[in-house]
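Note on naming: letters A, B, ... go to the chains in the order of the sequence lines (proteins, then strands), and numbering restarts at 1 for each one. Heavy atoms only: backbone and side chains are in, while hydrogens, waters and symmetry mates are out.
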There are 2 protein chains.
Amino acid sequence: MLELRHLRTLIALRDAGSLVEAAERVHLTQSALSHQIKDLEERLDNPLFVRKTRPVEFTRAGQRLLTLAEQVLPLVRMAERDLARLAGNEQGRLHMAIECHSCFQWLMPTVDHFRDHWPEVEIDIPGGHHFDPLPALAREQLDLVITADPQPLPGIHYEPLFRYEGLLAVARQHRLAGKPFVTPEALAEETLITYPVEHSRLDVFTQFLDPAGVRPKELRTAELTIMMMQLVASGRGVCALPNWALTEYLERDYVKAVALGEKGVWSTLFAAIREETRQAPWMEDFLRTARETSFAVLEGIKPA
Amino acid sequence: MLELRHLRTLIALRDAGSLVEAAERVHLTQSALSHQIKDLEERLDNPLFVRKTRPVEFTRAGQRLLTLAEQVLPLVRMAERDLARLAGNEQGRLHMAIECHSCFQWLMPTVDHFRDHWPEVEIDIPGGHHFDPLPALAREQLDLVITADPQPLPGIHYEPLFRYEGLLAVARQHRLAGKPFVTPEALAEETLITYPVEHSRLDVFTQFLDPAGVRPKELRTAELTIMMMQLVASGRGVCALPNWALTEYLERDYVKAVALGEKGVWSTLFAAIREETRQAPWMEDFLRTARETSFAVLEGIKPA
DNA sequence: CGACAACATGAGAAATACTCATTTAAAGAC
DNA sequence: GTCTTTAAATGAGTATTTCTCATGTTGTCG
């Protein structure tokens, strides 16, 4: 018998393009999905997708089921939201801080969507606070903090959102452009541009340069991504940024990107929340939509 | 996680009015449904229906899920139909005979519905054949026969549709009216009106009178239910009919009904089909909708 | 009150959905 | 062409879920 599980799988498969990645998204193994879909295909007596292509291509039967999924799953989600409200957990506050300078890109659609669906929850990103966000979260001045470096604090839970790769942006004609990856040592000859924050909060240092004991030749800071890009493009330095923050500049061929080290430097972005708010239906919904929109909007990220 | 299974259960529960009957409809035990719904309620943190009422009464949460089910399940069914078509089993013929004089009432809506959804399948109820329907089914002159007395024939499968009770219709002022049930012996004093068919095909004889060795004082036949009702109402005899064939006359208080024996006489109505056509998706769909419409249209019947 | 009907509950059985370890197949690299 | 890498399939075993069975509880009606 067809179940919602199958529809969810197919949607994940379409969005991911391969079984392996789809499996990550729904938090199952590749094998599980392979079996699941095989069962389904046998019962329907019809293949659902062509495996030999990248991304996978759906047969007519597969497309029909995807159509069904698109009709049905939103209805189901709306119903679940209504039920959560009926359960009585409707009041709430969601004030958040963002430690990640380029996160607004995907956070804004999430916030908009959320505001529509949970009008009773007061959602806000209060600007211009100068205190440390994580302690502020603990003392209930904030309700959610987007951060890439979780620090163990009592009562604080870190909910992984997605993993992303730190890439090194270099000028198009730069000597490192086109290399498959860059070694820490190579950066000893470069000017590194960063956001004006402590080095302990930057992955280039903590995960790449510090372990190798290397320091860049020179350091300079910039507030905004676009300024960094201008500096990089004009050959005044290099900078490390999340892959998704770079895609638009890469597409316009404004700069080039190289991986940091052979394996790349991968970090996880977290939503820090208080344990008490973790079960709240609107919080679960916010995290879910946050993940969904980030996967929809950003390229090159992976499930945590 | 919410699944279609839950929605199907809730619909069955609403249609049936009690867990016990709903369980019969979805072919599970009462216990299974009880557990299933309990799980759901716990996860939603909300009761779904009030158990102490008959029929059960749904809470707001339950109603919300029912709404969802009504939106979603038809979509799912349409998709399944499309998939069955894609699987290639689209051609078919469905000529049927009806051995049961009062079946048109529920069969017609079924046929109409089916014609809409399977335009490629030729559906018909050829009239005026004088041959025995079951052998005609075996030799492929027919594809489906509605009958209440299955006879073992090679290659013929009897698919139970529903169970119904045979009731004795008597005039309002008749001496038996108002009794909880009637004994076979009591019929020895009555004129029994039947359809003009062999007695071996009438449950009153096979299940009630013959076992007790009783014969009615007199016998007469009538072609149509309405004629029988007129004879009964005017005190010219009594007649045994399925409970659902009587409801409209009972509601208008045209005649009264009494059960046949303490336990009542229950029969099962079958759809006789050839084994080969049993798996055909349109056949499965026809049987499903036949069951559905009969439960929707007829009162007092039970799942087989 | 006692009998009956509907639902709940706990324990164990059956079905199913998953994981792990391997194999097969295809696509790229050299 | 062979070697490597990546994706998907497969089989066996495990875990989980979902049933059934047997029994207990509660409410209803004569």
Side-chain angles (χ1 to χ4, degrees), chain A residues 1-10 12-44 46-59 62 165 178-181 259 262-264 266 300 302-303, chain B residues 1-10 12-44 46-59 62 178-181 259 262-264 300 302-303:
Chain A
M1 191 101 299
L2 187 68
E3 284 295 349
L4 290 178
R5 171 164 28 95
H6 300 121
L7 299 184
R8 299 192 236 261
T9 300
L10 285 176
L13 180 59
R14 185 202 52 187
D15 291 353
S18 82
L19 271 193
V20 183
E21 236 197 283
E24 284 190 316
R25 293 203 186 195
V26 295
H27 300 293
L28 288 175
T29 59
Q30 170 266 325
S31 175
L33 290 206
S34 182
H35 284 301
Q36 185 183 101
I37 294 182
K38 194 184 158 202
D39 278 8
L40 198 55
E41 285 177 327
E42 273 167 14
R43 270 183 303 182
L44 300 176
N46 231 333
L48 292 175
F49 70 100
V50 186
R51 291 108 211 272
K52 320 271 147 125
T53 62
R54 279 196 52 62
V56 292
E57 189 182 303
F58 288 86
T59 62
E165 186 176 8
K179 296 244 172 161
F181 63 90
E262 193 165 355
K263 310 232 163 173
W266 285 84
K302 290 187 167 253
Chain B
M1 190 101 297
L2 187 68
E3 286 294 350
L4 291 178
R5 171 165 29 95
H6 300 123
L7 299 185
R8 299 192 237 259
T9 300
L10 284 176
L13 179 59
R14 184 201 53 187
D15 291 353
S18 83
L19 271 193
V20 184
E21 233 195 286
E24 284 189 316
R25 291 203 187 194
V26 294
H27 300 294
L28 289 174
T29 57
Q30 169 266 325
S31 174
L33 290 206
S34 182
H35 283 301
Q36 186 182 101
I37 295 183
K38 193 184 159 203
D39 278 7
L40 199 54
E41 285 177 327
E42 273 166 16
R43 270 184 304 183
L44 299 177
N46 231 332
L48 293 175
F49 68 100
V50 186
R51 289 107 211 271
K52 320 268 146 126
T53 63
R54 279 197 50 64
V56 291
E57 189 182 305
F58 288 87
T59 63
K179 297 243 173 162
F181 63 91
E262 194 166 354
K263 309 233 164 172
K302 292 185 163 254

Asks: For A/Ile37 and C/dA17, give me the distance from atom CD1 to atom C1', rounded to whole Å.
Replies: 14 Å

Asks: What nucleotide, of C/dC7, D/dT10, D/dA7, holds the atom closest to the side chain of A/Val20?
Replies: D/dA7

Asks: Whether the side chain of A/Glu3 engages the backbone of B/Leu4 through a donor-acceptor N/O pair (distance < 3.5 Å, no angle test) should be reported.
Replies: yes

Asks: Treating primed atoms plus P, OP1 and OP2 as sugar-phosphate and everything else as base, which nucleotides of nucleotides 13-30 of chain D get B, S or - for protein heavy atoms under 4.0 Å?
Replies: -----SSBB-----S---

Asks: What's the CD-P distance between A/Glu41 and D/dT10, to the nearest Å?
Replies: 10 Å

Asks: Within this structure, what is the CG-CG distance for the pair B/Leu44 and B/Asp39, rounded to the nearest 0.5 Å?
Replies: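 Answer rounded to 0.5 Å: 10.5 Å.
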
Asks: Between A/Glu41 (side chain only) and A/Leu48 (backbone N and O only), is there a donor and an acceptor less than 3.5 Å apart?
Replies: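 Here the side-chain-to-backbone pair exists.
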
Asks: Can you tell me how far C1' of C/dC7 sits from CG of B/Leu13, to the nearest Å?
Replies: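 Between C1' of C/dC7 and CG of B/Leu13: 11 Å.
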
Asks: For B/Lys302 and C/dA5, give me the distance from atom NZ to atom C1', rounded to whole Å.
Replies: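 Rounded to the whole Å, the gap is 11 Å.
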
Asks: So, do B/His6 and B/Arg43 sit near enough that their side-chain heavy atoms are less than 4.5 Å apart?
Replies: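 The answer is yes; the side chains approach within 4.5 Å.
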
Asks: Would you kindly give the CD-to-C1' distance between B/Glu24 and C/dA5, to the nearest whole Å?
Replies: 13 Å

Asks: Find the distance between CG (B/Leu33) and CZ (B/Arg5) and round it off to the nearest 0.5 Å.
Replies: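 The CG atom of B/Leu33 sits 11.0 Å away from the CZ atom of B/Arg5.
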
Asks: Mind running side chain to side chain contact (heavy atoms under 4.5 Å, CB included) on A/Phe58 and A/Val50 for me, showing each step along the way?
Replies: CA-CA 6 Å; A/Phe58 288 86; A/Val50 186; over 6 Å; no

